[in-house]
Amino acid sequence: MSARSGLLGGRVALVTGGAAGLGAVIATTFAAAGARGAVVDLVDPPHGVLPAGWASVAADVRDAASVQRAFAEVTSHVGLPDIVVANAGIVPPWTQTSQIDPAEWDEVFAVNTRGVMLTVREAVRVMRRGNGGSIVVMSSVNGWKGDPHLVSYVASKHAVVGIVRSVALDVGRDRIRVNAVGPGPVPTDALRSRMASRAAQGGPPVEDALRLAGAATALCRMVTAEEVANAVLFLASDLASGITGQLIAVDAGVL
Ligand code: NAD
């Protein structure tokens, strides 16, 4: 039996963007720790990705009614969520500042910032009906540091740290904790395909980009999705009962 089994026993978790990438690994990690739950995503997870006994609920985090319906469905089919991970996010293609497209800017903010706000708002509503809970928001190293050609993404990931710090102060009395995780680059399929399109725009080839990303950390490697999920598990669990309003970096010590 691993140290984490039972850590989330009896808990109900809801993970947005849980059909792929980091969200899918977070759901698997939560299930291994004893949580029941649901992934909420635009798409269903591919066969074999959804943890046994978990539900898959279709929703678009940009849309308030869709998010409300998803929470209602999870509450009636699985139970009142006491752990919510606002993970769904998108990364736009590289853009020079002089070429920023306002429509693309709005789309990045619609998913990464408005989507987090709508998810957190609904989480607070349901957790107030229960016994409180823990909300974890997926930020990024771009929640505190800039990167070239990614202004909208970096701004959206800074913005969610502001959401976390403010909401934590609003809802602490309701026994709701709110924290953010800031991963460095994680070699998910999404990151590899972004690196491939950047290579097509004059960036380094994918293997070089992966090597460079690993070399630019104290640990001389990228973090894994499992390491990010373990930090989310810690913040979601009672081990972090005294922690709220914080951004925890999981970045292998990005330089
Ligand atoms: P991913 O593309 O593999 O997964 C994102 C999931 O979110 C997908 O399943 C997608 O369908 C879903 N999604 C997108 N828009 C949605 C919407 N409007 N409504 C509901 N679901 C939606 O991405 P990932 O790499 O796993 O990233 C997950 C989160 O982690 C994002 O917020 C991302 O910004 C953040 N992050 C990723 C990395 C990385 O290197 N992979 C690093 C730091 C932060």
Side-chain angles (χ1 to χ4, degrees), residues 14-29 38-46 49-50 56-71 73-74 84-93 106-120 122 136-145 147 150 152-161 163-164 180-198 206 209-210 212-214 216-217 221-229 231-232 247-252 254:
L14 183 159
V15 181
T16 71
L22 296 181
V25 178
I26 291 165
T28 304
T29 302
V39 302
V40 170
D41 203 302
L42 287 174
V43 295
D44 273 330
V49 168
L50 189 68
S56 168
V57 174
D60 183 342
V61 297
R62 295 170 295 185
D63 180 67
S66 178
V67 173
Q68 276 178 308
R69 272 196 304 275
F71 271 79
E73 201 174 321
V74 174
V84 170
V85 184
N87 163 75
I90 57 170
V91 187
D106 288 347
E107 180 58 14
V108 171
F109 268 71
V111 181
N112 292 5
T113 306
R114 178 188 162 91
V116 165
M117 175 275 288
L118 291 172
T119 305
V120 168
E122 215 50 42
V136 184
V137 168
M138 192 56 73
S139 181
S140 160
V141 290
N142 291 134
W144 70 89
K145 74 181 267 300
D147 262 322
L150 273 176
S152 61
Y153 181 76
V154 172
S156 73
K157 291 297 183 182
H158 273 65
V160 297
V161 177
I163 293 174
V164 163
V181 166
V186 183
T188 56
D189 290 347
L191 181 72
R192 285 171 195 278
S193 85
R194 277 198 297 284
M195 285 175 165
S197 25
R198 289 171 192 170
V206 174
L210 289 168
L212 289 168
T217 68
R221 65 169 178 84
M222 283 187 279
V223 284
T224 64
E226 288 73 18
E227 287 171 322
V228 175
V232 177
L247 166 62
I248 309 281
V250 189
D251 63 354
V254 160

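All values reported here derive from a predicted model rather than from experimental measurement. Each ligand, and each atom within it, is numbered from 1 in the order the structure gives.
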Please tabulate protein-ligand N/O pairs under 3.5 Å for ligand 1, atom names and distances to 0.1 Å.
from, atom 1, to, atom 2, distance (Å)
ligand 1, 9 (O), Asp41, OD1, 3.4
ligand 1, 9 (O), Asp41, OD2, 2.6
ligand 1, 11 (O), Asp41, OD1, 2.6
ligand 1, 18 (N), Asp60, OD1, 2.9
ligand 1, 19 (N), Val61, N, 3.0
ligand 1, 25 (O), Thr188, OG1, 3.3
ligand 1, 26 (O), Leu22, N, 2.7
ligand 1, 32 (O), Asn87, O, 2.8
ligand 1, 32 (O), Lys157, NZ, 2.9
ligand 1, 34 (O), Tyr153, OH, 2.7
ligand 1, 34 (O), Lys157, NZ, 3.1
ligand 1, 40 (O), Val186, N, 2.7
ligand 1, 40 (O), Val186, O, 3.3
ligand 1, 41 (N), Thr188, OG1, 3.3

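- With hydrogens and angles ignored, the 3.5 Å screen pairs no side-chain donor or acceptor of Thr217 with any backbone N or O of Ala213.
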Inset, instruction - Please assess Ser56 against Asp44 for the test side chain to side chain donor-acceptor pair (under 3.5 Å), listing each intermediate value before the final yes or no. - result: CA-CA 6 Å; Ser56 168; Asp44 273 330; 2.5 Å; yes
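- At least one side-chain heavy atom of Arg194 sits under 4.5 Å from a side-chain heavy atom of Leu191.
- Just one residue in the list Val120, Ile163, Val85, Thr16 forms a side chain to side chain contact (heavy atoms under 4.5 Å, CB included) with Val137, and that residue is Val120.
- No side-chain donor-acceptor contact under 3.5 Å links Asn87 to the backbone of Met138.
- Taking the side chain to side chain donor-acceptor pair (under 3.5 Å) definition, one finds that Arg69 meets it with nothing, sequence neighbours left out.
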